[in-house]
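Accompanying notes for the structure given below.
Just so we're on the same page: letters track the sequence lines, and every chain starts at 1.
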Protein chains: 2
Amino acid sequence: MATPADATRPHRAPLNTQAVLRAAVALADESGVDALSMRKLAQALGVAPMALYKHVDGKDELLDGMIEVVIGEIDPPEPGVEWKTAIRRRVLSARQMLLRHPWASQVIEARTKVRPTPAVLAYMDTMIEIFRSGGLSVDLTHHALHTMGSRLLGFSQELFNESGGDDQEPDPETSRAMAEQYPNITALVTAITHDEGSVVGAGCDDQFEFEFALDLLLNGLERLHDAAS
Amino acid sequence: MATPADATRPHRAPLNTQAVLRAAVALADESGVDALSMRKLAQALGVAPMALYKHVDGKDELLDGMIEVVIGEIDPPEPGVEWKTAIRRRVLSARQMLLRHPWASQVIEARTKVRPTPAVLAYMDTMIEIFRSGGLSVDLTHHALHTMGSRLLGFSQELFNESGGDDQEPDPETSRAMAEQYPNITALVTAITHDEGSVVGAGCDDQFEFEFALDLLLNGLERLHDAAS
DNA sequence: ACCTGAACACCGTTCAAGT
DNA sequence: ACCTGAACACCGTTCAAGT
């Protein structure tokens, strides 16, 4: 008869999404993200490969979940701090996270090109809020995002380029939901595109932004050089 | 009898490395680098998968070869041009290349982490030469590389971080060969590490460089904000 | 010298089945 | 509700063989 003490009873805690994500992060930290496969992750959890699909929708969603985990490790913004200091501390905290998870920049970059995760959007939203609360204009904040690039996330790949792979126009309901959840992104994009409907930066001149950032860097370097001469 | 006009004669030009690389670049341009497999590339060339291995050593070397092809599309440096203009033109040329080959930034980043290709090293070397010829000090040039990051290559991921995955110390002969081929990289690294033997920037304080770049950007943004107020 | 076919050890994922 | 096993359509690559 099968009792709770039956020898065939599995002697591990039942799986859940958080446990799967944490195991995936640990496995990627140890062996790199290229060595992370659904099959190896299942093996590490002592489970059949297909058991994972009850808790994550597939490999892409697993990677998205791992992003949520590591973004959650970045320090929250501190209220009442001058904008430059606030941005600086947060970016350095993001950098510390990336040093703990060397695979994260690559995964965040790749997945963000397809569709940014909610945690990435929320992070960017709070960063925009810091700039705007500091008194920077919408235009300058917009340029700042491009100039900082993904330095905002502790590394420096341009995010949100190629106007996002998500071609379809969002319907009005999701637009409104987006505006509620990410008010600063919405306000900035609205101000820049002058078109309430679009949420992704359709009205953004990539070439101009690239040159803006480039010249900001070059002028800064020149100033340092002149000061040293 | 088998004559040149034999019906069984293959009616395509014989394969060579350049043809393989060009086909791979074209396939990645069309379908993205994730869809690029040895098998699909072979199919596109009308050949068995294993035929490719006579011309490239494997998939990693195929990717390296593709990098050489696209780096070769960047305009060469123009002599006798002021350093800021020279850097600016070259970076914008690199950016145009990346717009033609959207997969390239990802591939260059991933492969450079393992081992930079000769074309990438040569490109960086000429960029350093432009800075140094413009009179910038070795230290400022070093900071400039970190500040510009991979904006130097038209995108903005930090390259050469993690001190390169290539752990083993190069033997004296290859060090000397490196110094001949990439004199500016060598001079800069030597000046920074004060250690002739090491070629990769072992003496580079990543944290300091990150903050240097960050502050350069933030100070530049602040100056623009102040000027606008 | 150049190309092929079969085979091996991997993938992610669907499906029907177990408990 | 949660997990499994077999199977499918893919990978990159080795090996022995063809011409």
Among dC3(C), dG5(C), dC2(D), find the nucleotide with the atom closest to the side chain of K54(A). dC2(D)

Just how far, in rounded Å, is P of dC10(D) from CD of Q43(B)? 10 Å

Selection from dA6(D), dC11(D), dT4(C) that lies nearest to any side-chain heavy atom of M50(B): dT4(C)

K59(B) has an atom NZ; how far is it from atom P of dC11(C), in whole Å? 15 Å

Option among R22(B), R95(B), R100(B) that satisfies the salt bridge (Lys or Arg N to Asp or Glu O under 4.0 Å) test with E73(B): R100(B)

In whole Å, I'd like the distance from the CG atom of L41(B) to the P atom of dC10(D). 17 Å

Are L52(B) and L62(B) packed together at the side-chain level, in the sense that at least one heavy-atom pair is separated by less than 4.5 angstrom? no

Working to the nearest 0.5 Å, report the span between CE of M97(A) and CD1 of I71(A). 4.5 Å

From CD1 (I128(B)) to CG (L145(B)), nearest 0.5 Å: 5.0 Å

Whole Å only: how far is the CG atom of L52(B) from the C1' atom of dT4(C)? 12 Å

Nearest to the side chain of A51(B), which nucleotide is it out of dT13(C), dC3(C), dG12(D)? dC3(C)

Of the listed nucleotides (dT13(D), dC3(D), dG12(C)), which one gets closest to any side-chain atom of H55(A)? dC3(D)

Do R90(B) and D75(B) sit within salt-bridge range, that is, some charged N less than 4.0 Å from a carboxylate O? no

From C-beta outward on M38(A), which listed nucleotide comes closest to its side chain: dT4(D), dG12(C), dA6(C)? dG12(C)

In whole Å, I'd like the distance from the CG atom of L36(A) to the C1' atom of dC10(C). 15 Å

Between P on dC11(D) and CG on D34(B), what's the gap in Å once rounded to a whole number? 12 Å

L45(B) CG to dC3(C) P: how many Å, rounded? 10 Å

Between atom CG in D57(A) and atom P in dT13(C), what is the gap in whole Å? 10 Å

Looking at dC3(D), dT13(C), dT4(C), which one has an atom nearest to any side-chain atom of V47(B)? dT4(C)

Across every strand shown, the nucleotide meeting Watson-Crick or G-U wobble geometry with dG5(C) (both distances under 3.5 Å) is dC15(D)

Choose from dC11(C), dG12(D), dT4(D) the nucleotide whose nearest atom is closest to any side-chain atom of R39(B). dG12(D)

For dC10(D), the Watson-Crick or wobble counterpart (both distances under 3.5 Å): none

For DNA chain D, whose closest nucleotide is more 5', that of A48(A) or that of P49(B)? A48(A)

Any side-chain N or O of Y53(A) below 4.0 angstrom from OP1/OP2 of dT14(C)? no

Looking only at dC11(C), dT4(D), dC11(D), the nucleotide nearest the K40(B) side chain is dC11(D)

